[in-house]
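When reading the values below, keep in mind they use all heavy atoms of this one structure, side chains included, and skip hydrogens, waters and symmetry mates. Quick note on labels: first sequence line is chain A, next is B, and so on, each numbered from 1.
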Amino acid sequence: MYLNSHKIVEANEILKDFNGFDLVVHNCMINANIQWGNLDQARRLFDEMPERNEVSWTTLISGLMKNGRVEESMRYFARNPFQNVVSWTAAISGFVQNGFSFEALKLFLKLLESGVKPNEVTFTSIVRACAELGDFQLAMSFVGLIVKAGFEKNVSVSNSLISLCLKMCEIDLARRVFNRMEKRDVVSWTAILDMYVEMGDLAEARRIFDEMPERNEVTWSAMIARYSQGGYHEEALKLFRQMILDAFKPNTMCFSTVLSALSNFQALRPGMNIHAHVMKIGIVEDVFISSSLVDLYSKCGKTKDGRLMFDSIMGKNVVTWNSMIGGYSLNGEMEEAKKLFDIMPQRNDVSWSGIIAGYLEHKQFDKVFEVFNGMLLSGQIPNKSTFSSLLCASAGLASLEKGKDLHGKVIKLGFEYDIFVGTALTDMYAKSGDIESAKRIFDRMPEKNEISWTVMIQGLAESGFVEESLFLFEEMEKTSVAPNDFMLLSVLFACSHSGLVDKGLQYFNSMETVYHIKPKEKHYTCVVDMLSRSGRLSEAEDFINSMPFQPEYNALAALLSGCKTYKNEEIAERTTKKLLELVDKNSSGYVLLSNIYASAGRWVDVMNVRKLMREKGLKKSGGCSWIEVRNQVHSFYSEDGTHYQSAELYGLIELLRSEMLVRDNNWTN
DNA sequence: TTAGGGTTAG
């Protein structure tokens, strides 16, 4: 009774008072102490035993191995007078579990030399050792021994072979082993789930799951994990609910997956319920669980709670650190993130990519490149994720030079055809004005997703290649990728800037009916802009009045701008009223208004608007342009004088101007 | 004594 509960301490007390010695009872107590983590007590009991049998030795050897005490375990193994196949196998599998697969194989050879015959469990461990070492050929060479020993049809051995094949991407072979099996157990079925996941067929994996003859908590956890890892968090949580309803008990691994799925939904309440539950059942200290909790709190914006959790974790690993740093980054607390990043005991590629992504998210592009340089100096090889962030940053800076440099590195590392990197490259080239290169990258991408199409359609539209943009949108409609609201915005933008007003209106009207996308404020604004640019001012005004929500500031500004171009004071007046109700802190509405009054010669009104602006403390924001010279971006503002070489530059412009005048005179004369 | 399932960055 005591051995099956947490009450191992009471059980030990009872054993102390027990007069005499019983070998079986002692073996049970050693086992129970190991199970509840009292390794030292288990060893003490073993050492004090006046008499031991095979079970005593094997229990201790495997118990020490399971807890990572490899050397200690091997010392007992060497002293073991009962060197039978079970204790050999315990040592071999212990090596494998602790990451010493090569030592496991060496021990296996010693086992063969000793004359003891390996059994099916030994072979299972050996196959796993080969899988861990990634040596498929070596595993195949053991298959001869397996057949000779008559274990080729054994369920466990076959299971380990399936898992080896999956790890080595030998999918067909995995399927052949599975099909050849005369008897299959829950492990075989769970392993085959992964085969379909590996083939990218999650639906088929689910079908196997639904139809398998037997399921246990590991099978459930596996299916839930596969959904979560594939990004199908909702499906993962649904399955978890079903698991509980079917009375299966989720364990540590299952809870960590579920917490991760909840984080993605920022589901704080359910996450906190699980936090309470894992505390109650005593697994909150598991590093996977506690790291997931750090992630959960951070993703829900509760970095303070995340930090409390983080500080309480005894055996933090690199993922724990990355989760906390990622949490600070996500919530804009970059200083805290950097502080932690600087003191973390070891960093991996995710740590670097995480902090880079944080700076990118908050548009601190200079920091992005600063950290990237640090990453290169540290010897850490950047991965696809790093490049995807860096290319976004260089697109944000519209820095073609930086982008090209990154492109070179991408090619060197062979990431060119990755879908994320390819998309980021396309976006970078498009945003940096090199639309030809953007098109080339896009066309060469072996696989494209919704985002890839979006950046290309958007890039073409915004670079003035309006027809190409609309053509590409039509091309995309032939694929399985569904249009999204960003693409529709680009399409409307393209129509607006090429005067294709009716086509634009057609697209807008089909948004809900054909594409099932509810138009947002920005789409309405784009339509107003389209109508205003083409002089259809009354239509634009009616359109604004028919909008299901308050017009955006930009929509009114677009109409006003149209009124200015087409000199329509009447609509301008009404729009201005609306604009003034909406505008308070933004100066461009006032500027536009004053320009309209000026073009109509209403100078008193112009003065009034300017006065209003002064009273409200508003200043016209200046235009800005920039150019990149030798890896450095130089910005120029219309108020001027801000660039450190302003004086020289204006001098040079004057010189050029006079040169041009001289030449002009020479030609005309 | 074994084989199947877990946390972080884009």
Side-chain angles (χ1 to χ4, degrees), chain A residues 54-55 58-59 61-63 65-66 84-94 96-97 118-128 131 154-164 166 185-195 197 216-226 228-229 250-261 263 286-296 298-299 317-327 329-330 348-358 360-361 383-392 418-421 423-424 451:
Chain A
E54 291 176 338
V55 177
T58 319
T59 308
I61 290 168
S62 83
M65 279 292 192
K66 271 190 187 139
N84 58 5
V85 63
V86 179
S87 61
W88 275 96
T89 307
I92 290 172
S93 71
V96 182
Q97 281 164 22
N119 67 9
E120 70 275 21
V121 183
T122 326
F123 281 117
T124 307
S125 301
I126 285 305
V127 173
R128 184 176 159 195
N154 177 272
V155 182
S156 299
V157 175
S158 302
N159 287 345
S160 65
L161 282 171
I162 291 176
S163 131
L164 165 87
L166 290 178
D185 64 2
V186 64
V187 179
S188 332
W189 283 102
T190 311
I192 220 68
L193 268 188
D194 258 350
M195 187 184 85
V197 176
N216 62 13
E217 71 284 355
V218 176
T219 327
W220 281 91
S221 304
M223 196 65 231
I224 292 170
R226 293 305 173 236
S228 179
Q229 287 154 353
N251 59 14
T252 323
M253 292 194 188
C254 192
F255 277 124
S256 59
T257 306
V258 168
L259 280 170
S260 155
S263 304
D286 177 86
V287 71
F288 285 85
I289 297 267
S290 48
S291 301
S292 301
L293 282 167
V294 170
D295 183 53
L296 171 87
S298 305
K299 286 225 171 85
N317 63 17
V318 67
V319 178
T320 322
W321 284 85
N322 289 349
S323 300
M324 192 66 243
I325 292 169
S329 295
L330 186 74
N348 63 9
D349 53 340
V350 179
S351 328
W352 288 96
S353 301
I355 195 102
I356 286 176
L360 171 72
E361 183 72 28
N383 61 19
K384 293 167 186 166
S385 163
T386 328
F387 279 112
S388 141
S389 295
L390 282 158
L391 287 164
C392 266
D418 174 72
I419 189 161
F420 284 100
V421 178
T423 304
I451 305 172

Next item on the list: Considering just the side-chain nitrogens and oxygens of A:Ser292, establish if one lies under 4.0 Å of OP1 or OP2 belonging to B:dT8.
Entry: no
Item checked: Atom-pair distance (CZ on A:Phe288; P on B:dG5), nearest Å -> 12 Å
Note to self: Let's see if you can work this out: which of B:dT2, B:dG4, B:dG10 has an atom nearest to the side-chain heavy atoms of A:Lys66?
What the structure shows: B:dT2
Notebook entry, point to check: Has A:Ile419 got more than 12 heavy atoms of other residues, nucleotides or ligands less than 6.0 Å from its CD1?
Noted result: yes
Notebook entry, point to check: Does the side chain of A:Ser351 pick up a donor-acceptor pair with the side chain of A:Asn348 at under 3.5 Å?
Noted result: yes
Next item on the list: Look at the side chain of A:Asn251 and the base of B:dG6, then say whether one donor and one acceptor between them are separated by less than 3.5 Å.
Entry: no
Checklist line | Sugar-phosphate, base or nothing in reach of A:Thr386, heavy atoms under 4.0 Å | finding: nothing
Note to self: Can you measure A:Asn383 atom CG to B:dA9 atom C1' for me and round it to whole angstrom units?
What the structure shows: 8 Å
Notebook entry, point to check: If you look at every strand shown and take non-hydrogen atoms under 4.0 Å, does A:Thr257 touch a base, only sugar-phosphate, or nothing?
Noted result: sugar-phosphate
Item checked: A:Ile224 CD1 to B:dG6 P, straight-line distance once rounded to whole Å -> 12 Å
Notebook entry, point to check: In whole Å, what is the span from the CZ atom of A:Arg226 to the P atom of B:dG5?
Noted result: 6 Å
Notebook entry, point to check: Does A:Asn251 have any side-chain hydrogen bond (donor to acceptor under 3.5 Å, both in side chains) partners at least two apart in sequence or in another chain, and if so, which?
Noted result: none
Note to self: Any side-chain N or O of A:Ser163 below 4.0 angstrom from OP1/OP2 of B:dG4?
What the structure shows: yes
Next item on the list: Quickly work out the A:Leu293 CG to B:dT8 P distance and round it to whole Å.
Entry: 12 Å
Next item on the list: Would you classify A:Ser291 as touching base, sugar-phosphate or nothing, given that sugar-phosphate means primed atoms plus P, OP1 and OP2, and contacts are heavy atoms under 4.0 Å?
Entry: base
Next item on the list: Measure from CG on A:Asp286 to P on B:dT8 and round the result to the nearest Å.
Entry: 13 Å
Check: Under 4.0 angstrom, heavy atoms only, what part of the nucleic acid is A:Gln229 near: base, sugar-phosphate, or nothing?
Finding: sugar-phosphate
Note to self: What's the closest nucleotide to the side chain of A:Thr58 if the choices are B:dT1, B:dG10, B:dG5?
What the structure shows: B:dT1
Notebook entry, point to check: Where the side chain of A:Ala90 is concerned, which of B:dG4, B:dG5, B:dT1 is the nearest nucleotide?
Noted result: B:dT1
Check: Base, sugar-phosphate, or nothing: which does A:Thr252 touch, judged by heavy atoms less than 4.0 Å apart?
Finding: base
Checklist line | Distance test, side-chain N/O of A:Lys299 to OP1/OP2 of B:dA9, below 4.0 Å | finding: yes
Notebook entry, point to check: Under 4.0 angstrom, heavy atoms only, what part of the nucleic acid is A:Val186 near: base, sugar-phosphate, or nothing?
Noted result: base
Next item on the list: Return the nearest nucleotide to the side chain of A:Asp295; candidates are B:dG10, B:dT8, B:dA3.
Entry: B:dT8
Next item on the list: Quickly work out the A:Met253 CE to B:dA3 P distance and round it to whole Å.
Entry: 11 Å
Next item on the list: Check whether the side chains of A:Asn216 and A:Thr219 place a donor and an acceptor atom closer than 3.5 Å, and report yes or no.
Entry: yes
Note to self: Ignoring hydrogens, what is the shortest heavy-atom contact between A:Lys384 and A:Val421? Give both atom names and the distance.
What the structure shows: O-CG2, 3.7 Å
Next item on the list: Quick one: label A:Val287 by what it contacts on the DNA or RNA (base, sugar-phosphate, nothing), any heavy atom closer than 4.0 Å.
Entry: base
Next item on the list: Start with the C-alpha gap between A:Ser292 and A:Ser260, add the side-chain angles, then the distance that decides, and say whether side-chain hydrogen bond (donor to acceptor under 3.5 Å, both in side chains) holds.
Entry: CA-CA 6 Å; A:Ser292 301; A:Ser260 155; over 6 Å; no
Next item on the list: With sequence neighbours excluded, tell me which residues meet side-chain hydrogen bond (donor to acceptor under 3.5 Å, both in side chains) with A:Thr59.
Entry: none
Margin query: Applying a 4.0 Å non-hydrogen cut-off, can you work out what A:Gln97 is touching in the nucleic acid: base, sugar-phosphate, or nothing?
Written below: sugar-phosphate
Check: Considering only side-chain heavy atoms of A:Ser160, which listed nucleotide, B:dA3, B:dG4, B:dT1, is closest?
Finding: B:dA3
Margin query: Can you list, in residue-number order, the parts of residues 348-358 of chain A that come under 4.0 Å of DNA chain B, counting heavy atoms only?
Written below: A:Val350, A:Ser353, A:Ala357
Next item on the list: Starting from C1' on B:dA3, measure out to CD on A:Glu120 and report it in whole angstrom.
Entry: 11 Å
Check: Going by distance alone, is a donor N or O of one side chain under 3.5 Å from an acceptor N or O of the other, for A:Asn84 and A:Ser87?
Finding: yes
Check: Picking from B:dG4, B:dT1, B:dA3, which would you name as closest to the side chain of A:Ser62?
Finding: B:dT1
Notebook entry, point to check: Have A:Thr386 and A:Ser353 got a donor and an acceptor in their side chains that come within less than 3.5 Å?
Noted result: yes
